[in-house]
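Following: one structure in structure tokens, then a few remarks.
Naming convention: chains lettered A, B, ... in sequence-line order (proteins, then strands); numbering from 1 in each chain.
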There are 2 protein chains.
Amino acid sequence: MMDTMTFSALAEPTRLRMVEILKDGPMSVGDIAERLALRQPQASKHLRVLLEAGLVEVEAAANRRNYRLRTEPLEAMDTWLEAYRKLWNERFDNLDDYLRQLQSEDK
Amino acid sequence: MMDTMTFSALAEPTRLRMVEILKDGPMSVGDIAERLALRQPQASKHLRVLLEAGLVEVEAAANRRNYRLRTEPLEAMDTWLEAYRKLWNERFDNLDDYLRQLQSEDK
DNA sequence: CAGGAATATTCCTGTCAAGGAATATTGTTA
DNA sequence: TAACAATATTCCTTGACAGGAATATTCCTG
């Protein structure tokens, strides 16, 4: 059963952008805030939500806290999607069948 | 750019369950409500959100309205995930490399 | 057209999330 | 330890959203 907390966390545009930025590697709070034109407190608050959703982890480095993307929730999404992929693949298959049928009628 | 409306719609547990139920085929409002032990108005309201998010479509059939899952938003999620899949595949690759290394050291 | 079944909408209320501003905390360095 | 940089937290206000109850709408059938 898919955890809705992942969806809640990603439903907020700023947090989705955070995830996309962190795809390229860990980053400090300040850098994230600057990159997204956020005030630092808002950045911290959003990162907290991502942290509680398990979408990021944090590592203290000197004065800074580097946030790194965690892939587990995304893997879970991927697994959840698995059951739905065949729904649109079926359509392709049907289209495929249809095209084959047309082709054989052409002969 | 991934549409956050999809995530918002799926962030609500009842709506997620609706999507999962509709995976097996279209269903009327009443049947959905019964299946999820919801009152009819709540079912209609949640279906409206799913409709506006493009996650379902509706077809009138006599007195009933049958809701059917639309896969486009899910396909978009799948596409969005594509950029992240390599993140956990890389790990597997690294583990794979590591295991190969161990094995060759064993020789 | 009346009546009834299925569905949608409205109104109300309580809860929760988000931004702004201020402040607290933690860690570093002189 | 004092001062400073980086980050976290709190308080406040506002707006969105969910459930409950009542009602409106739509469509079919006699």
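- Look at CG on Leu51(A): it is 12 Å from C1' on dA8(D), rounded to the nearest Å.
- Applying the 4.0 Å criterion to OP1 and OP2 of dA6(D), one finds that Tyr67(A) has every side-chain N and O outside that range.
- For Asn89(B) (side chain) and Arg85(B) (main-chain N/O), a donor-acceptor pair under 3.5 Å exists by modelled atom type.
- Listed by chain and residue number, nothing satisfies the ring pair (Phe, Tyr, Trp, His ring centres under 6.0 Å) test with Tyr67(B) (two or more places apart in sequence, or in another chain).
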Strictly under 3.5 Å: I want the nitrogen or oxygen pairs between protein and nucleotides 27-30 of chain C, one per line.
unit_1: dG27(C); atom_1: O3'; unit_2: Ala62(A); atom_2: O; d: 3.3

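- Taking atom CZ on Arg65(A) and atom P on dT25(C), their separation rounds to 15 Å, with Å as the unit.
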Distances under 3.5 Å between nitrogen or oxygen atoms of protein and nucleotides 16-23 of chain C:
unit_1: dA18(C); atom_1: OP1; unit_2: Arg15(A); atom_2: NH1; d: 3.1
unit_1: dA18(C); atom_1: OP1; unit_2: Arg15(A); atom_2: NH2; d: 2.6
unit_1: dA18(C); atom_1: OP2; unit_2: Arg15(A); atom_2: NH1; d: 3.4
unit_1: dG19(C); atom_1: OP2; unit_2: His46(A); atom_2: NE2; d: 2.7
unit_1: dG20(C); atom_1: N7; unit_2: Gln42(A); atom_2: NE2; d: 3.0
unit_1: dG20(C); atom_1: O6; unit_2: Lys45(A); atom_2: NZ; d: 2.8

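- To the nearest 0.5 angstrom, Leu22(B) atom CG is 13.0 Å from Arg70(B) atom CZ.
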Which pairs would a plain distance check flag for residues 27-35 of chain A, meaning a side-chain donor or acceptor within less than 3.5 Å of a matching protein atom at least two apart in sequence or in another chain?
unit_1: Ser28(A); atom_1: OG; unit_2: Asp31(A); atom_2: N; d: 3.3
unit_1: Ser28(A); atom_1: OG; unit_2: Asp31(A); atom_2: OD2; d: 3.4

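- Among residues at least two apart or in separate chains, side-chain hydrogen bond (donor to acceptor under 3.5 Å, both in side chains) pairs with a member in residues 44-53 of chain B are Arg15(B)-His46(B), Gln40(B)-Ser44(B), Arg48(B)-Glu52(B).
- When the C1' atoms of four end pairs are superposed on the next four at each end of the helix from dC1(C)-dG30(D) to dA30(C)-dT1(D), using five pairs per end, the two resulting axes differ in direction by 20°, to 10°.
- Across Ala11(A) and Ser8(B), no two heavy atoms sit closer than the pair CB-OG, 3.4 Å.
- Using a 4.5 Å cut-off on side-chain heavy atoms (C-beta onward), Phe7(A) and Met77(A) make contact.
- Remark: Leu69(A) CG to Trp88(B) CH2 distance equals 9.5 Å, nearest 0.5 Å.
- Annotation for Ile21(B) and Leu36(B): closest pair CD1-CD2, 3.4 Å, computed over non-hydrogen atoms.
- Rounded to whole Å, the distance from CG on Asn66(B) to P on dC27(D) is 15 Å.
- Looking only at distances, no side-chain donor or acceptor of Arg68(B) sits under 3.5 Å from a matching main-chain atom of Pro26(B).
- Side-chain polar atoms of Trp80(A) and Glu75(A) form no donor-acceptor pair below 3.5 angstrom.
- At whole-Å resolution of the value, CD in Glu52(B) and C1' in dC17(D) are 13 Å apart.
- The nearest whole Å value for the distance from the CE atom in Met18(A) to the C1' atom in dT7(D) is 13 Å.
- The phosphate of dT9(D) (OP1 or OP2) has a side-chain N or O of Arg48(A) nearer than 4.0 angstrom.
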